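Structure first, commentary second.
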Amino acid sequence: MEEMLYSSAHEMIFGFAKKPVTVANGLTFGKGKVVPEVNFTLPPMDLAHENVPEIRERFKDIAHRIMERCVELQQEEVVIEFEHLFDMTERPDFGAQLTKDLKEVIEKYRQSHGTKAALRVTVADIRDRTRPPRMRSGKEIETMLRSFELCADAGADILSIESTGGKEISDNALMIGDVEGLLFALGVLGPRDMDFLWREIVSIARRYDVVPGGDTACGFANTAMQLAHQGLLPKVLAAVVRLMSAPRSLAAVEVGAVGPLKDCGYENPVIKAITGVPISMEGKTSACAHSSPLGNIAAAVCDLWSNESVQDVKLLSGNTPEVFTEMLIYDCRLMNTAIEEGRAEILRDLMVDSDRFLDPQALILDPKVMYEAARVIVNAGEDKFKQAVAVSRYAHGVVKEAEATNKIRLRGVEAKWLEKIGKILEHLPEEEEEFYASVKARYEGHFIPEEYGLN
Amino acid sequence: MEEMLYSSAHEMIFGFAKKPVTVANGLTFGKGKVVPEVNFTLPPMDLAHENVPEIRERFKDIAHRIMERCVELQQEEVVIEFEHLFDMTERPDFGAQLTKDLKEVIEKYRQSHGTKAALRVTVADIRDRTRPPRMRSGKEIETMLRSFELCADAGADILSIESTGGKEISDNALMIGDVEGLLFALGVLGPRDMDFLWREIVSIARRYDVVPGGDTACGFANTAMQLAHQGLLPKVLAAVVRLMSAPRSLAAVEVGAVGPLKDCGYENPVIKAITGVPISMEGKTSACAHSSPLGNIAAAVCDLWSNESVQDVKLLSGNTPEVFTEMLIYDCRLMNTAIEEGRAEILRDLMVDSDRFLDPQALILDPKVMYEAARVIVNAGEDKFKQAVAVSRYAHGVVKEAEATNKIRLRGVEAKWLEKIGKILEHLPEEEEEFYASVKARYEGHFIPEEYGLN
Amino acid sequence: MGTLEKLRDALIEGKVEEVKHYTQQALDENTPAKTILDQGLIAGMDVVGVRFKEGEYFLPEVLLCAKAMHAGLDLLKPLLVGESGQSAGTVVLGTVKGDLHDIGKRIVKAMLEGAGYEVIDIGVDVDAEKFVESVRKHKPLVLGMSALLTTTMRYMKTVIDALQNEGIRDKVKIIVGGAPVNEEFAKSVGADGYAPNASEAVDLVKRLTAA
Amino acid sequence: MGTLEKLRDALIEGKVEEVKHYTQQALDENTPAKTILDQGLIAGMDVVGVRFKEGEYFLPEVLLCAKAMHAGLDLLKPLLVGESGQSAGTVVLGTVKGDLHDIGKRIVKAMLEGAGYEVIDIGVDVDAEKFVESVRKHKPLVLGMSALLTTTMRYMKTVIDALQNEGIRDKVKIIVGGAPVNEEFAKSVGADGYAPNASEAVDLVKRLTAA
Ligand code: B12
Ligand code: B12
Ligand code: SF4
Ligand code: SF4
Ligand SMILES: [Zn+2]
Ligand SMILES: [Zn+2]
Ligand SMILES: [Zn+2]
């Protein structure tokens, strides 16, 4: 990547992407409207073979309820995400059958009400099952690719995954606050796996004429956010990890993913700034899935607005999927009205300002910061390690600066960590090779170099 | 009421009320900030005596979780609503015990974190148990007033109720679409009961130095909204009933209620326009309790923002009360940021415009309409029946006009109903006495005139 | 247009007097009562049902048509001896103890009546004893319970247990409904059926009483 | 400041080498091993625990201190024969079948180790057979199961049933955790305890093993 598709942060705004994406039924993302993306999952129950008929019924019912609520609220465009649970990828026919079931309901509503709905299918990364994981060899990757194919064939409009290359290192690194380990996971291993995996996914998507959406650093940056939420990690570290993950997630787009990127990739705005792809984001309305300090600010430059995931349970007014559909619709209505009335920038800035200084993780999500981070990445050249280091330093600097100017208040321990992170980032080798050499021994045995094209 | 406290619709805005209200701990409503009001209820379980210890534990736990989420998100002001279930009013000690339990948790957080929380206690109207109900005589009213007293004594900061005077007529009137019956319920019976009941509540509130909040026409107008949602009643009728209910709910303030009015009274803005009291409202974030066509517009002039009610069940990230607390906090943050940055009017107008023309019920909730309705009521003089007739005609006119100018589209059947409602409203007797005489026979036996000071 | 068509159309329009008139006229023309019922009244109510489902009619229209139908039916009843003169069956409905929500249940009642069932509404805040008693007394084909509160829905189980204890659980089909209730819950308390709204409640009762 | 205070402070700061140093020094000063353990290492870890609960320490600090403690402990162990030399007890932990979420369980492990338990982590995606086997083999005081998915949490019941069938359910206390799990669910599957997070998991294990 040599240049950026946006020439200023100000230009970035919800509902508009420089490179809109259209799915088969004509539904377009990033062309002047924010579209709700509804996610759901099963309530406590198990996925045994004998439950498949029940699960299919429930899936159809959920889709039906979501679509019905859209009709009632005159919402004409919607995305339903079907995020596989382990077994749905592991048993590709199962995942494909559910894809087909969901698509049928969607199709029914297109015919009866003209509702334009798209189905995003997110395959599970089952390679994470064994440690150290086999990323390129072995039956896991085969099964996953087969699952992508069957789902594409069964009616998926958009393919996604939350891939885990490097997680075998980052899990532990997060626990012990090992910044170098995180860099190794996100700057060295992750991008290599993304490059490998996404070439495969893009080629499948092309073959079936569906959209290769995108990936997310969920397993890294959102784990960090969760750990920080539980008081287990400093928020400043989670903030740095967020930007550190951007070069890795960008890799999918570099080999052909076109968006909409996955909702839980809070690093998405960086990628949008560079490549112009539409992005899905989640914030306050995903409180069902996880608490976050990013409720409003996350919406600032989104093209789709999601609830991350809610298990299907009964509330007073109906079940959770349709309840969250309704809330997303109203959020989107507000943004779309702002677009129509030429007030989008004001609303965006309000969303940003409302969260910005309350948490370092929110600070990082400011579109201005995200935009500058994009620039830092582009300026760092093609080398993913260099990108990751540069953008981590940038993240650190942003928090530091906000603290120094009293824009953000950090507790004493947080401030100490910020110092510490700064020092580590400062004293890193500049070249990947050198870095790899310096940490290889430390992580030996925890990952398989060949599985990343390393040695 | 001879004059109005607001001199234009434009002046009405979220976060500001002409007559702010302050509770004991100093928390103020309507003075430049929108405060979240969190409502919860029990999951499926029964209220038998032997379950009381378990219910107490759960209540404390819920309050604890709500307060904890506030602390995590740096939300310093919050209201918790404790809406009685039947038995909690029927057994006044039970309701008071729970009030005390909740207040203790709130108090704990004030001490440890400085969080300013207020407790609203909404007593159930148990007079509705028998039909025709005894409103002023008999043990139900005694028990209710005792419940108010004990709860005020046990730590309630704000007293509320959703009273039901006239519902014995309106239930059936709604089912058969009987506009005269609705007028009898809301223009004749309701205000009389409100006058009686609220004098009592206000006197208790004064005695215990707590805030007499307000009432809501939930049992009338929200029932109509629910029926319309289920396709059982035309939306245009629900829209008219909404405004028809305003004079009745206003009656509480006329005898001393000071707000914050109850969340589910979508007629509240009318009362705010006239009297300047702060109001609680609910919209998109109350989708847990009921679907509504009022998601954004309901927030336009609110002082508190509520989720109406959610039963305590587990979601992926925690339980529903804290999940909805988080969503309310972000909604409030956005509004409060708009206030701070001088953009409140823009945000208000966006919220209004985003819903306004999608449903006649939303159309009615436009602050401009609400404001004009207030004026119509004031101009109608003191007579509640005249107020109700005048404001119903006004509501009808607003929908009619919007339809005629193609601002709103109505299905054929809806349009027919609009005609029909217009004709009925046109041909009504102008005087209450005359009206009462004309309908008395029709509703004979369904209500007890003496219980309303009628004969 | 023949008398039966006119009758049907009058019914669809909810014109009570006209329905009486054409029912009488058809009788005067010697049309068999059963034919008048099937091709006039029931044919009309079928259309009403469709219109309701398609959103062309609201509840008030349905109730009015049902009233018109009953006006016609009253004229036919004396002549409809034997099976076809009977109501489609008796249904007892009540809202369970501790719960005062009434409207949902009343709407179910109205729709069932529209479909030809005789419905006995035993009110709100009804305890198990009263449910048992009314099953004993009215011997309904179906017993329907309504609950709108999460804290009263469990009482449905109490009622079913009581019927069981009295040995009359199997004499009646039990259906349940109300906002917090769903299929799963219905199964868990041992009910025979659940319906999310009044028109599906009618289908449900039809299904259960057909069996 | 005496050696034990220095030891304690070094531990609180997570200084592995210093902890070793002061432990040795205390031994050299003829302080009884049990006293060094109690007033140096355990006293230090208590402070660490408090700091963690008060938000002054994050997980990395806790893990570092735990590491330092183990370094000291290694020197004391040979001298701590009898009860006090033993670990507080063995705990087996695993994430249930179909579930790959690892971190939560690993944190529980780390905190338990910090509190002096010996913890055997049998990994993720663990089936009932393997749970049974590891209870047989390691004879833990406590078995902990983790699940992060609504679709795997029920498997906890499967495991408990399997232990029951093998007749060894009563030989071990069972605790469960993970985001979708709660107290109520724990009871419903017949576990002995639930904890919402790792530090409460430690309290829970202490409570259960005290009994
Ligand atoms: C209107 C209303 C009232 C009115 C009741 C009017 C009346 N005469 O019935 C009033 C104001 C009196 C009222 C009072 C209360 N209510 Co109320 N009420 C509602 C509201 C807004 C709408 C209910 C309604 O009429 N819907 C319209 C009808 C047509 O729909 P329906 O009842 O669901 O019925 C349909 C189907 O369910 C089905 N059906 C119904 N019954 C049956 C039976 C069978 C056999 C079958 C097959 C089908 C079936 O068919 C019907 C037609 O399609 C609901 C909100 C909601 N989401 O439902 C709250 C709601 C039910 N109420 C609630 C509460 C808390 C209360 C009060 C305790 C409030 C208080 N503090 O005073 C009291 C309770 C008093 C008591 N002990 O019952 C809560 C319940 C919370 C909980 N814990 O479960 C709700 C969910 C609102 C909320 N807070 O979210 N309420
Ligand atoms: C990080 C994460 C991942 C990482 C896992 C990293 C890892 N190595 O563990 C990755 C990206 C790999 C991942 C994968 C998946 N995930 Co995931 N994941 C999360 C996330 C964001 C955070 C989990 C986490 O690490 N939290 C931090 C730790 C410290 O907290 P914790 O796990 O809760 O543990 C604490 C307590 O629970 C307790 N505890 C935990 N275990 C135990 C055990 C005992 C005995 C005791 C006493 C206490 C205890 O103590 C711990 C420390 O305080 C959650 C969101 C959430 N709300 O939890 C989703 C979440 C759990 N994942 C979810 C899903 C759907 C998935 C995938 C299926 C996605 C996909 N399509 O690929 C796969 C599943 C793979 C599989 N079969 O397991 C859903 C689950 C939905 C459902 N149906 O239940 C969640 C809830 C997110 C969502 N969508 O809302 N996930
Ligand atoms: S947290 Fe959400 S987004 Fe991330 S892996 Fe899990 S399910 Fe997917
Ligand atoms: S609907 Fe909500 S507000 Fe209205 S009575 Fe019921 S609980 Fe109260
Ligand atoms: Zn994700
Ligand atoms: Zn997701
Ligand atoms: Zn309410």
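Remember, predicted model here, so these are calculated numbers, not experimental data. Each chain gets a letter, A, B and so on, in the order its sequence line appears, and its residues count up from 1.
Near-neighbour residues of residues 89-96 of chain A relative to chain D, defined by a heavy atom under 4.5 Å from a heavy atom of that chain, are none. Contacts between residues 226-236 of chain A and chain D, defined by a heavy-atom separation under 4.5 Å, are made by A/Leu227, A/Gly231, A/Leu232, A/Leu233, A/Pro234.
Applying the 6.0 Å contact sphere to CZ of A/Arg409 captures no more than 12 heavy atoms from other residues, nucleotides or ligands. Residue D/Lys6 qualifies as enclosed at atom NZ: its count of foreign heavy atoms under 6.0 Å is above 12. In this structure, D/Glu129 places its CD atom where only 12 or fewer heavy-atom neighbours from other residues, nucleotides or ligands lie under 6.0 Å away.
Residue pairs meeting the side-chain hydrogen bond (donor to acceptor under 3.5 Å, both in side chains) criterion with at least one member in residues 41-53 of chain A, sequence neighbours excluded, are A/Asp46-A/Asn51. For the salt bridge (charged side-chain N to carboxylate O under 4.0 Å, His left out) condition, the pairs that include at least one residue of residues 147-163 of chain D, sequence neighbours left out, are D/Lys157-D/Asp161.
For A/Thr223, the part sitting under 4.5 Å from any heavy atom of chain D is the side chain, from C-beta outward, and nothing else. D/Phe52 touches chain A through its side chain: at least one heavy atom from C-beta onward sits under 4.5 Å away, while N, CA, C and O do not.
Atom CG of A/Asp128 is separated from atom CG of D/Leu100 by 5.5 Å, given to the nearest 0.5 angstrom. Annotation: the span from A/Leu85 atom CG to D/Thr150 atom OG1 amounts to 6.5 Å, rounded to 0.5 Å. A distance of 12.0 Å separates CD1 of A/Ile176 from CD of D/Glu61, quoted to the nearest 0.5 Å.
Without hydrogens or angle criteria, A/Arg411 side chain to D/Gly55 main chain gives a donor-acceptor distance under 3.5 Å.
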Q.
Using the rule given for side-chain contact (heavy atoms from CB on, under 4.5 Å), can you reason through D/Leu63 versus A/Met175, listing the C-alpha separation, both sets of side-chain angles and the distance that settles it, and then say yes or no?
A. CA-CA 8 Å; D/Leu63 295 184; A/Met175 286 179 55; 4.2 Å; yes
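Between A/Val413 and D/Glu56, the shortest heavy-atom distance links the atoms CG1-O, 2.7 Å. Between A/Arg129 and D/Val124, the closest heavy-atom pair is O-CG2, 4.1 Å. Of all non-hydrogen atoms in A/Gly177 and D/Pro60, the two that sit nearest each other are N-CG, 3.7 Å.
The shortest distance between side-chain heavy atoms of D/Lys97 and A/Phe86 does not fall below 4.5 Å.
With chain A as partner, the option from D/Ile107, D/Asp99, D/Thr152 having the largest number of non-hydrogen pairs under 4.5 angstrom is D/Ile107.
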